[in-house]
Every structure is written in C-alpha cells, then in structure tokens.
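As structure tokens, the structure follows; a few thoughts come after it.
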Amino acid sequence: MNIKVQLFAEAREFAGALELEFDLELGSTVLDLKDKLIRDYPQLESLIQRSSFALNDDYGTDESEITEGTELAMIPPVSGG
Amino acid sequence: MNIKVQLFAEAREFAGALELEFDLELGSTVLDLKDKLIRDYPQLESLIQRSSFALNDDYGTDESEITEGTELAMIPPVSGG
Amino acid sequence: MIEIVDTKIDVEAVRKSVESQICGAAVLFTGSTRRFTCGRETEKLFYECYPSMALAKMRELHQIACQRWDIHACSIVHRIGEVDLGEVSIAVATSSPHRKNSFESAQWLIDTLKKTVPIWKKEIWTDGSTEWVHPDNNSPQQPM
Amino acid sequence: MIEIVDTKIDVEAVRKSVESQICGAAVLFTGSTRRFTCGRETEKLFYECYPSMALAKMRELHQIACQRWDIHACSIVHRIGEVDLGEVSIAVATSSPHRKNSFESAQWLIDTLKKTVPIWKKEIWTDGSTEWVHPDNNSPQQPM
C-alpha cells in the first residue's frame, strides 16, 4: 500500500520535506515503518529512535498496525508551552 | 496606664464598639489584658479565647508585654481571601 | 503591587504588574464570591480589615515569598466592603523564570494570606441572614 | 476555549472564559518568551504544531482534567509562529468551587501539555543561530 508520513519541526528540516511517501506491505506495523524509514533515510535514524509515530491524531506503539488511509505523522520530542 | 483595644468584625459587633478603653497596670502582658477583658465583657469570652491580639501591627503571644502607646487590637479568626 | 482597595479589582492590571522578559512563567490566582456554600445561597460577601496591619502582613508575605522562591515579582490585591456574586475579592500574581516557583509561591501566598492577614469575611445570605465566616481551624493565629 | 492561534493571545479573554458564579477560585497560567536561558540570550521563539492532532490532544487534556478534578471550566490557548520576548505563547485557565482543584488541574494541564501535545519550539538566539528545543526527557511520548 502507498503511505505518506507527515514531518514536523526538526524532522521536516532534516528531511527537507513536509512528508515522505513510499510503499509498505499490507499488515505493516509502526516498527516496520521505522525500519523502512531508517533504511531509506539513515540521516534520520537518531531522531526516529527518539520520536513517536501518530496514527489518525493519536500516539501509536511499535505494534500499531498501519492500514490503507491511516494518517501517519512522525512526532519528534515535543516542546510546546 | 490607659490603653485602647481596637475591635474588628465579630468582636466589634459583639461589643457594639470600635474600641475598648481601660486601665492596665504597668508591665501587663497580653494574658493580663485577656483576663481583664473577660472580666469586663463576659459575653466576649468565647471569642477572646479563639482570638489573637496584635501589638503594633504584629501578632503577640500571651507573654507579650504591653507598654504605654502600644497599638493594640483584638484579632478574631481571620477569613480573608 | 500590594494593595487593599474598596472598588473592583483591575485583575488584568494585577497580572501585567508581574510581567517581565526575565520570566517564562506567571500564575494568577483570583478568588471571587461563590453563589452556593454547602447548599446555602449567597447574596454577596462583605469584607472588613485592620488596614495598617493587613498591609504590613501582606508586605511580609511578599518578602517571604521572594526569599523562599526564585520569583521575579509578586502582587497581592485584596478588596474590602461589599463584593457581589462572581466579583473578585482577591488577586495574587507571581512570575518566575520557571513555572514551578510561580505555582508554589502563588499557592503558598493565598493559603497563608487566608490564615494570617487580618481580613474578615461576612456571608450575606439570600434569606437575609448574615454570618461572619469562621475558618475551619479556630485556633488563634501564630506569628509567622 | 481550546484554541491554537497565530496572533497575540488575548489573555484577559482566556481568564474571563472560565469565570462563573459557581466558582470561588480561578487560576491562570501564562508561559512567555524568556530572554535568558542558561546564560544565552533569546531573540524570539518560533512554534510549529501538528494542528489536527494538537487540538485533539488539547481536547483530551481538557476532558481528563474535568474528570479528575472538580473544576467548572478549563481553557487552553497556544500560540504558534514567532513569539517575541515577553509575549505569551500559552495560556491555561481553570476555575472551581475551591482553590485546590484550580491549582492542581492548571499545573497538571501545563505539565502534561508540554509532554504530550505535538507542538515544537525553536530558539532563535540573538547571535543568529537557531535550535529546536529538546525536552529534558528524550524518550518517545507514551499514549496517555
């Protein structure tokens, strides 16, 4: 399936893009996504390890399953307030 | 010596006066003052027991000595805020 | 800003009085006349104070708070006389580089003010009766 | 009032949004751009957010606070974009019949917002350099 991951803040600047788009196998999890991201963008590895991933506006875990149409975002450590 | 005790709130309403004036012996303490007040105004006894006394804008203790010119006030339990 | 006033408190002015570029945090507490207390309905409150001592004690609280916490500024304004429903009787504001000090000092200031500053509150109930408010703890104040 | 805005926060409006005759207490927290951090001088801050999720998380905080404490109302307004020295980036207000709940919930709201709401802050130092702020704890956020 084709998926897009929205990027913010440091992740957006590092990647030089607002989102990353690629293919994932059906039934993939957030952990699969992170592995794929690290292979494709090794310069993001350290930040990916410190980041969370959001699925449809909520925090996921490594085991969260990604389905077609899931709104995905990489969430670097937050610092609002 | 002649002294005056300012009254506030419940004490003022109970006594029906803004201040009480009377004579105390030189060297009297707050405890002597309370005893004198209770003798002269027995209806105030319960409130006096629950009150503090202030000398020159600061809380005193039973042992605090009253001198000529000390500004005295009876302070019922406070409830500001 | 340490004041006792007999008209409406300008709460926004109290908040602004502690603003500073040195501070990343500010806390403002306001106390106001509540309609219901234990099921009884309040019409308004009446506050009375011992002016010179109340101001002296409020300045003392200010000084202690500034010594005990890393706060940049602290303001305390109390209103006396009649205070209608929903109106503010007390405003306390603190500011500090980091938020923990603002929260702790503001809470300590209002807690301690209620126990030590010679101000008294009278309930004027909607049924026409009145009552001087007795704090939970009826023991005499101790010197701070 | 749960909002993300890109212009100056009307702090007085946030405070007034939680006013009620049911409440005797209200607490307002404001966070603003501080000039000095560990000896370095800030020119301004820049905030970015993930809008849909940030609002969803702020509404979730609102809901949890209302369940956990006896509070009447709670407002959270965050500003994004550039925030100059001394200007307010976050305002949190709570109101409750008694003050303990207002203080505790306001402090919990700002503490938890800083850990869980997807908003990011970039320091723009006076020397021209910039830096995304890294919170002390670098472990990934956990679902609340």
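Model, not experiment: these values are computed from the prediction. Sequence lines set the chain letters: A, B, ... in the order given, protein chains first and strands last, and positions in each chain run from 1.
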Heavy-atom pair count under 4.5 Å with chain D, highest-scoring of [options]:
options	value
Ala26(C), Ser95(C), Gly86(C), Ser32(C)	Ala26(C)
Glu19(C), Glu12(C), Arg34(C)	Arg34(C)
Ser20(C), Ser89(C), Pro97(C)	Pro97(C)

Using heavy-atom distances under 4.5 Å, tell me whether [X] contacts chain C through its side chain, its backbone, both, or neither.
X	result
Lys114(D)	side chain
Ala93(D)	neither
Leu85(D)	both

Please answer whether the main-chain N or O of [Y] pairs with a side-chain N or O of [X] as donor and acceptor at a distance below 3.5 Å.
X	Y	value
Thr33(D)	Leu45(D)	no
Ser96(D)	Ile71(D)	no
Ser75(D)	Ser17(D)	no
Ser129(C)	Trp125(C)	no

Between Arg79(C) and Glu87(C) (salt bridge meaning N to carboxylate O under 4.0 Å), is one present in this structure? yes
May I have the step-by-step check of side-chain contact (heavy atoms from CB on, under 4.5 Å) for His78(D) and Val117(D), ending in yes or no? CA-CA 10 Å; His78(D) 205 299; Val117(D) 177; over 6 Å; no
If I measure from the heavy atoms of chain D, does Asp111(C) come under 4.5 Å with its side chain, its backbone, both, or neither? both
